[in-house]
Amino acid sequence: MDEQPEPVQEPASQSGGGLDRRAELSEFLRTRRARLKPEDVGLPDFGRRRVPGLRREELAQLAGVSVAYYTRLEQGNGRNVSAEVLDAIARALRLSDAEHAHLMHLAKPKQHKKKPVARTQQARPALRHLLDSIDSVPAYIVGRRSDILAWNRMAAALFGDWAELPAPERNWARLVFLRPEYRELFVEWDQKASDIVGYLRMDAGCRPDDPRLSALVGELSVKSEEFRRLWAAHDVKEKSYGVKRLRHPLVGDLTLSFETFRLVDDVEQSLITYHAEPGTPSAEALRLLASWGADATRAGAGSTAPPA
């Protein structure tokens, strides 16, 4: 029998102010199943389907579990599910490594030691000194919820002077979705926006009880239709490496490679660096930004006007 269409759910909250882990698990599995077609997994396609993707019984068959067992899991009941079963479901759903890890976080959450969930994350002083010593490469440290914790002069020259913003506004999700200048800065803004939401989804899987993350998701869902659409897709991503194209108000277009270095002593913090291929116009543009110092910082994405 064909399944009935399932309504798109708004971000669910727990009584403690975090996200509802059971609802997150349910929606994640449902959206991963919906993106697969029978021909993608070697199954025959019989008849018209009322909803996109595989049926629950087809997915259960591929994973080697009963339909009732898989249905309970997709309804958010991950209690007592084994890692082996989750691995089988991940293979059946063709999950990426990041998606597989996200599924494990949602279905079998780690028990964190009791600590104040509202505590403010900070970059170690030694890391701040390291950032200050890097004078030719834009670099910053990002923490949970995409909060920007520390940065160097070149990052301010490239992205804007974050020191002028209140601390709660130093957050990549708020910058990308709520500040028009960042839409102009990132040439492929849609990709940047998708990346940010994917990172937040990974955070939500690791710490669904974080009330600050729940509040951030709620705020952005109200203020940005684009965020609301991307959040409903349940896509997840890990911070890694790649290329970004920027359009800076002073030096024009840049093509920069970024690298992500997760800190060993705090895996919830990462050092991000941007660099240009030597001898390219982008490398010359970074050199100019470095030479202009404070003037370049005032002309970054976060300011309202270039220097006089």
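What you see is a predicted model; the values in this text were computed from it and never measured.
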Report the residues that fulfil side chain to side chain contact (heavy atoms under 4.5 Å, CB included) with [X], sequence neighbours left out, ordered by chain and then residue number.
| X | result |
| --- | --- |
| A126 | R124 |
| E284 | R287, L288 |
| Q61 | L43 |
| D190 | none |

For the pair [X] and [Y], find out whether any cationic side-chain nitrogen is under 4.0 Å from an anionic carboxylate oxygen.
| X | Y | result |
| --- | --- | --- |
| D20 | R22 | no |
| E74 | R30 | no |
| R153 | D161 | no |
| E226 | R183 | yes |
| K237 | D97 | no |
| K192 | E188 | no |

_L165 and R179: CA distance, side-chain angles, deciding distance, side-chain contact (heavy atoms from CB on, under 4.5 Å) verdict_ = CA-CA 12 Å; L165 298 176; R179 296 179 72 92; 3.6 Å; yes
| message | Main chain of R55, side chain of E58: is a donor-acceptor contact present, judged purely on distance under 3.5 Å? | response |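 Side chain of E58 to backbone of R55: a pair is present.
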Side-chain contact test, heavy atoms from C-beta onward, threshold under 4.5 Å: evaluate it for [X] versus [Y] and give yes or no.
| X | Y | result |
| --- | --- | --- |
| L29 | I89 | yes |
| S270 | L263 | no |
| V65 | V85 | yes |
| L271 | L127 | no |
| V81 | Y69 | yes |
| R33 | Y70 | yes |
| L25 | L73 | yes |
| D210 | R144 | yes |

If you look only at pairs with a residue in residues 82-103, which of them pass as a ring-ring contact (aromatic ring centres under 6.0 Å, His included), with sequence neighbours excluded?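 Residue pairs passing ring-ring contact (aromatic ring centres under 6.0 Å, His included), neighbours aside: F28-H102.
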Check: Y274 ring centroid to F159 ring centroid under 6.0 Å: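 Yes.
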Q.
salt bridge (Lys or Arg N to Asp or Glu O under 4.0 Å), that's the test. Do D147 and R174 meet it? Break it down for me.
A. CA-CA 9 Å; D147 286 341; R174 285 195 174 96; 5.4 Å; no
Could you tell me the separation between the [atom1] atom of [X] and the [atom2] atom of [Y], rounded to the nearest 0.5 Å?
| X | Y | atom1 | atom2 | answer |
| --- | --- | --- | --- | --- |
| E268 | Q121 | CD | CD | 5.5 Å |
| L106 | E27 | CG | CD | 11.5 Å |
| S26 | H234 | OG | NE2 | 8.5 Å |
| M154 | D135 | CE | CG | 9.0 Å |

- Would you please classify the geometry between the Y140 ring and the W172 ring as parallel, tilted or perpendicular, with 30° and 60° separating the classes?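 Taking Y140 first and then W172, their aromatic rings sit tilted (interplane angle of 30° to 60°).
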Stepwise side-chain contact (heavy atoms from CB on, under 4.5 Å) test for L93 and L36: CA-CA 7 Å; L93 288 170; L36 288 176; 4.3 Å; yes
Can you list, pair by pair, the side-chain donor-acceptor contacts under 3.5 Å of residues 249-259, counting residues two or more places apart and other chains?
| residue | atom | partner | partner atom | Å |
| --- | --- | --- | --- | --- |
| D253 | OD1 | R247 | NE | 2.7 |

Problem set entry | Member of F186, W189, W231 meeting the ring-ring contact (aromatic ring centres under 6.0 Å, His included) criterion with F177 |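 So the option named by the test is W189.
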Salt bridge (Lys or Arg N to Asp or Glu O under 4.0 Å) evaluation trace for R35 with E99 | CA-CA 13 Å; R35 70 182 181 181; E99 290 171 329; 2.8 Å; yes
